[in-house]
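Each remark here refers to the structure printed beneath this line.
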Number of protein chains: 2
Amino acid sequence: MELSIIDSLKAGGKKLTKARKAILAVLEKNALPITVAEVHAGLVKARTNVDLVTVYRNLAMLQELGLVNAVGFHEGQMRYEVVHGRAHHHHIQCRGCGKIIDLMLCPLKKLTKLIEEQTRFSVDGHALEFFGWCPQCR
Amino acid sequence: MELSIIDSLKAGGKKLTKARKAILAVLEKNALPITVAEVHAGLVKARTNVDLVTVYRNLAMLQELGLVNAVGFHEGQMRYEVVHGRAHHHHIQCRGCGKIIDLMLCPLKKLTKLIEEQTRFSVDGHALEFFGWCPQCR
DNA sequence: TGGTAAATGCAAGTGAGTTGCAAATGTGGT
DNA sequence: ACCACATTTGCAACTCACTTGCATTTACCA
Ligand SMILES: [Mn+2]
Ligand SMILES: [Mn+2]
Ligand SMILES: [Zn+2]
Ligand SMILES: [Zn+2]
C-alpha cells in the first residue's frame, strides 16, 4: 500500500511548501508527461510565481522520493509525470507532431528476471518508449 | 540483405572521406555504444585529427542512413554504436559505475503490432534500456 | 512565538549540441 | 591526370537545458 504524497514528503524530511503544492497540482492535472518549461508555464498560468530553478530542484527531489517519474524521448529535455495512484506504464511519441500517448502496459516483468540471471546485475528499472507516426501525421 | 557501408553512403550521395572512415573505424572497434567525446578521443588516439563538430555531423548523418544507432541512458549525452552486421538488441547500464552490457534480445515484436492496432499509430522504432547494479557495485 | 533547517530566488556558470561561412577535399566525367 | 563542382570540414560563435553558490525567506516543531 502506497504512502500519501504528504506522508512521503514528511518521511523524507521535506516541507510542504507553496511551490511544491503548486508543482504537484500542475502535474496531477496533466495526464501525460510534461517538460520543465511546461510545468513552469502551468504555474504562471495558475498565478503562482515560482522560479524555474525551483521547479528543477523540486522535480529532482520528487523523483528521488518516487513521487514523480522522469520520461525521456531524446528531445533534448526530460518530461515528468506523477506516479501516485497511477499504474506503471509506458509511452509512444509521434515523430511528426510530438504527440504522446500512454500505453497502459509493460511486457518486462519476466524478462527482467531472465536478465538478472544472465548478467548478474540486479535490475531496478527500465525505460521503454515507442516511436512512430500518429494518424494525423501519417 | 543489407547494403554494404560504402554502398549505403553512395546511395545517400555521401562521400567516403577520411573523417568518415576513421569515425566508422572507431565505432567498429567498440562493442558498446560510446559518447561523441569518446569517438573524438578515439580519433585523436588514432592520429586522425577531426574536429568535434565533424564528429557530431557525421554521427547524425550515419544515423539517418541507418548505419549507426543512437542510444541514450539519460546521462546528458547520447551514445552511438554501429548497426551494420549486428543484430537488433538492447542494453543495461549500472547505476553505480555506468558500465553497459549488450542484451542480445528484443521482446517487442508482437507488442508492436498490438500497439499499432490499439493506437492507430504506425510504430517504426522503440527505445528499451535497463538499469541496475552490476556485481562490483552491488 | 521563536529557533532552525529546509527551501527559494537571483545571478552566474557548465556543457552538449547547433549554426554560418569560408576554405578544403572527394568524385565523376573528360 | 585534370577539372568542375557539390559535399565536407574547421573554426568561432551561439543556443539552451540544466546546475551551482549564496544571501534571504519560509515551513515546521517545541
Ligand atoms: Mn504516462
Ligand atoms: Mn549494443
Ligand atoms: Zn503526429
Ligand atoms: Zn557498476
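Letters A, B, ... are given to chains in the order of the sequence lines, protein chains preceding strands, and every chain is numbered from 1.
At whole-Å resolution of the value, CE in B/Met61 and P in C/dT18 are 15 Å apart. Rounded to a whole Å, the NE2 atom of B/His40 is 17 Å from the P atom of C/dG15. Between the C1' atom of C/dG9 and the OH atom of A/Tyr56 lies a distance of 16 Å, rounded to the nearest Å. What separates OH of B/Tyr80 from P of C/dA16 is a distance of 13 Å, to the nearest Å. Atoms CG (B/Leu24) and P (D/dT8) sit 13 Å apart, rounded to a whole Å. Between A/Leu59 atom CG and C/dA7 atom C1' there is a gap of 15 Å when expressed in whole angstrom units. Following rounding to the nearest Å, A/Leu9 (CG) and C/dA6 (C1') show an atom-to-atom distance of 12 Å. Counting to the nearest Å, the P atom of D/dT26 and the NZ atom of A/Lys21 are 14 Å from each other.
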Polar pairs (N or O, both sides) under 3.5 Å between protein and nucleotides 27-30 of chain C?
from	atom 1	to	atom 2	distance (Å)
C/dT27	OP1	B/Leu16	N	3.1

Using atom names, set out every protein N or O paired with an N or O of nucleotides 10-16 of chain D below 3.5 Å, distance rounded to 0.1 Å.
from	atom 1	to	atom 2	distance (Å)
D/dG10	OP1	B/Asn49	O	3.3
D/dG10	OP2	B/Asp51	N	2.9
D/dG10	OP2	B/Thr54	OG1	2.4
D/dG10	N7	B/Arg57	NH2	2.8
D/dG10	O6	B/Arg57	NH2	2.8

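Around the CD1 atom of B/Ile6, the shell of radius 6.0 Å holds no more than 12 heavy atoms that belong to other residues, nucleotides or ligands.
Residues A/Arg138 and B/Ser122 meet the side-chain proximity criterion, which asks for heavy atoms closer than 4.5 Å. The shortest side-chain heavy-atom distance between B/His88 and B/Asn69 does not fall under the 4.5 Å cut-off. Between B/Gln93 and B/Phe130, the closest side-chain pair of non-hydrogen atoms is not below 4.5 Å.
In this structure, CG in A/Leu9 is found 6.5 Å from CZ in A/Arg20, a value given to the nearest 0.5 Å.
Checking B/Met78 against B/Lys18, the closest nucleotide of DNA chain C that is more toward the 5' end is the one next to B/Met78.
Between the side chain of A/Asn58 and the backbone N or O of A/Thr54 there is at least one donor-acceptor pair closer than 3.5 Å.
Transitive grouping of hydrophobic side chains (ILVMFWY, heavy atoms separated by less than 4.5 Å) brings B/Tyr56 and B/Val82 into a common cluster.
Side-chain proximity of A/Arg20 to the nucleotides D/dA17, C/dG17, C/dT8 is greatest for C/dT8.
Residues that satisfy the side-chain hydrogen bond (donor to acceptor under 3.5 Å, both in side chains) test with B/Arg120, not counting sequence neighbours, are absent from this structure.
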(request) Applying side chain to side chain donor-acceptor pair (under 3.5 Å), run through B/Glu129 and B/His74 and close with a yes or a no. (result) CA-CA 10 Å; B/Glu129 298 89 34; B/His74 306 142; 5.5 Å; no

